[in-house]
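Just below is one structure, and these are the notes that go with it.
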2 protein chains.
Amino acid sequence: MVAARNDSPPTAEGLLLERFLPYRLNMLGTTVSQSFARLCARRFNIALPEWRVVALLGQRGRLTSKAIGTRCAMHKTMVSRAVGELERRRLVEREANPADKREVFVALSAAGEAIYAEIIPLASAYSERLTAGLSDEDRAVLDRLIRQLHDRARQIAPPDPQA
Amino acid sequence: MVAARNDSPPTAEGLLLERFLPYRLNMLGTTVSQSFARLCARRFNIALPEWRVVALLGQRGRLTSKAIGTRCAMHKTMVSRAVGELERRRLVEREANPADKREVFVALSAAGEAIYAEIIPLASAYSERLTAGLSDEDRAVLDRLIRQLHDRARQIAPPDPQA
DNA sequence: TATTGTTATACTCTATAACTATA
DNA sequence: TATAGTTATAGAGTATAACAATA
């Protein structure tokens, strides 16, 4: 156990880097994300952007690239590359929307559905292990705090309003 | 308001990306970190790695590059570049350790101390705004959960054990 | 004119490898 | 041999700008 690590109060200067919430949230987010990314890489040889697209398509069925980007907060360039890579590996199929040929529908192939079926238990198990020590109330508070802090951060310094 | 966004329960498939904790923690960490980074860039024209080094040296006094890396979880190449940039801007000074000339002590210059004195209120104010809506109990739970989840994530898939 | 999507390019942060100079 | 630190290079992930095709 390393329980005593962060228990010291702030110094007279008013701030300790290791107790600074933005720093800690950033460390937590990257640590969790990278540890999950390692599992995905080992088991499926798949990177996180591709993982997100597979997870999304598995839930939602076919979607346009734009809808993928909106739903998992990925830039359209990243979506384009992730979908391209998944298509190269025959995990998704693309089909132009006849009603608007600018759009392309993306959907899991049979092989993609098979990967999805493996991905879900892996992700669920990871999430379960991650939160194994938490009470029901802990989970409820965590759920609420993530949303509150996320909204707050965007209020304080929104991502380049008029760029 | 977008309050209803995350309130739906998991589907029959067992997972919704936007309710998947690793995904949410990653989004939260990057959103908070980037919003704080924007403030630092606007006010001090300083990037996050440099900010971390200044904050650390302001607290701890002079440190070797290795100690900086250990204390704020930065790779030695990143420390080297951040310290180099800060030295170029005359915010830190370097001095070889006479007792072991491989090591270099890094310390804030007078100008660096001045920046540090401005950085602390900015950071404190940011943290205050970020957590403005939280009760004392919320804060205590958040503090504990960050540590628990961080430790858990590293237990589940440690960063390349034998690389 | 505006929008979907692709490509080229660049920037940030992270990481590996090769190197130096010490020890 | 091993360590502190630098540099070159490469890899994610994110972003802007220019573009083609379509509306």
Side-chain angles (χ1 to χ4, degrees), chain A residues 22-23 26-27 29-31 33-38 40-41 45-53 62-70 72-88 92 94-106 158-163, chain B residues 22-23 26-27 29-31 33-38 40-41 45-53 62-88 92 94-106 159-163:
Chain A
Y23 173 77
N26 188 39
M27 298 299 292
T30 59
T31 300
S33 192
Q34 283 171 9
S35 93
F36 181 66
R38 275 190 292 273
C40 289
N45 189 31
I46 201 172
L48 279 193
E50 285 79 30
W51 184 88
R52 287 181 181 180
V53 171
R62 76 177 190 179
L63 293 171
T64 65
S65 289
K66 183 177 178 65
I68 293 170
T70 301
C72 57
M74 280 166 62
H75 197 270
K76 65 177 181 173
T77 55
M78 194 72 254
V79 174
S80 179
R81 279 183 205 105
V83 169
E85 170 66 14
L86 290 170
E87 188 182 40
R88 198 186 62 73
V92 303
R94 286 198 258 206
E95 183 187 6
N97 178 3
D100 182 345
K101 289 184 189 158
R102 291 173 305 184
E103 291 187 332
V104 180
F105 286 122
V106 185
D160 282 330
Q162 68 282 29
Chain B
Y23 173 77
N26 188 38
M27 297 299 291
T30 59
T31 300
S33 192
Q34 283 172 9
S35 93
F36 181 66
R38 275 190 290 274
C40 289
N45 190 31
I46 202 173
L48 278 194
E50 286 79 29
W51 183 88
R52 287 181 181 178
V53 171
R62 74 177 191 179
L63 293 171
T64 65
S65 287
K66 183 177 176 66
I68 292 170
T70 302
R71 285 194 180 275
C72 56
M74 280 166 61
H75 197 269
K76 65 177 183 173
T77 55
M78 194 72 254
V79 174
S80 178
R81 279 184 205 106
V83 170
E85 171 66 14
L86 290 170
E87 187 182 41
R88 198 185 63 71
V92 302
R94 286 198 257 207
E95 184 187 4
N97 178 4
D100 183 344
K101 289 182 188 158
R102 291 174 304 185
E103 291 187 332
V104 181
F105 286 122
V106 184
D160 281 329
Q162 69 281 25

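Predicted, not measured: the structure shown is a model, and the values here were computed from it.
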Fill in: side-chain hydrogen bond (donor to acceptor under 3.5 Å, both in side chains) involving Glu95(B) - partner list, sequence neighbours excluded
none
Worksheet item: Tell me: CH2 of Trp51(B) to C1' of dC13(C), nearest whole Å?
Response: 16 Å
Worksheet, complete the sentence: Between CE of Met78(B) and P of dT6(D) the distance, given in whole Å, is 12 Å
Discussion item. Counting primed atoms plus P, OP1 and OP2 as sugar-phosphate and everything else as base, spell out the protein contacts along nucleotides 4-11 of chain C at 4.0 Å heavy-atom distance: B, S or - for each nucleotide, 5' to 3'.
Written reply: SBBBBB--
Fill in: Contact nearer the 5' end of DNA chain D, comparing Asn97(A) with Ala73(A)
Ala73(A)
Worksheet item: What residues, two or more places apart in sequence or in another chain, satisfy salt bridge (Lys or Arg N to Asp or Glu O under 4.0 Å) together with Arg81(A)?
Response: none
Worksheet item: If we only count heavy atoms from C-beta on, is the Ile68(B) to Val106(B) side-chain gap below 4.5 Å?
Response: yes
Practice prompt. Start with the C-alpha distance between Tyr23(B) and Cys72(A), add both sets of side-chain angles, then the distance that settles side chain to side chain contact (heavy atoms under 4.5 Å, CB included), and finish with yes or no.
Written response: CA-CA 9 Å; Tyr23(B) 173 77; Cys72(A) 57; 3.8 Å; yes
Worksheet item: Could you state the CG-P distance from Asn26(A) to dT12(C), rounded to the nearest angstrom?
Response: 16 Å
Practice prompt. Side-chain contact test, heavy atoms from C-beta onward, threshold under 4.5 Å: evaluate it for Leu86(B) versus Val53(B) and give yes or no.
Written response: yes
Worksheet item: Rounded to whole angstroms, how far apart are CE on Met74(A) and P on dT16(D)?
Response: 16 Å
Worksheet item: Would you call Arg94(B) and Glu87(B) a salt bridge, taking side-chain N to carboxylate O under 4.0 Å as the test?
Response: yes
Fill in: Nearest-angstrom distance from the residue atom NE2 of His75(B) to C1' of dT14(C)
8 Å
Worksheet entry | Nucleotide dG5(D), atom P - distance to CD of Glu87(B) in whole Å | 13 Å
Worksheet item: NZ of Lys101(B) versus C1' of dT20(C): gap in Å, rounded?
Response: 15 Å
Discussion item. If you assign each of Leu48(A) and Ala99(A) to its closest nucleotide in DNA chain D, which residue comes earlier from the 5' end?
Written reply: Leu48(A)
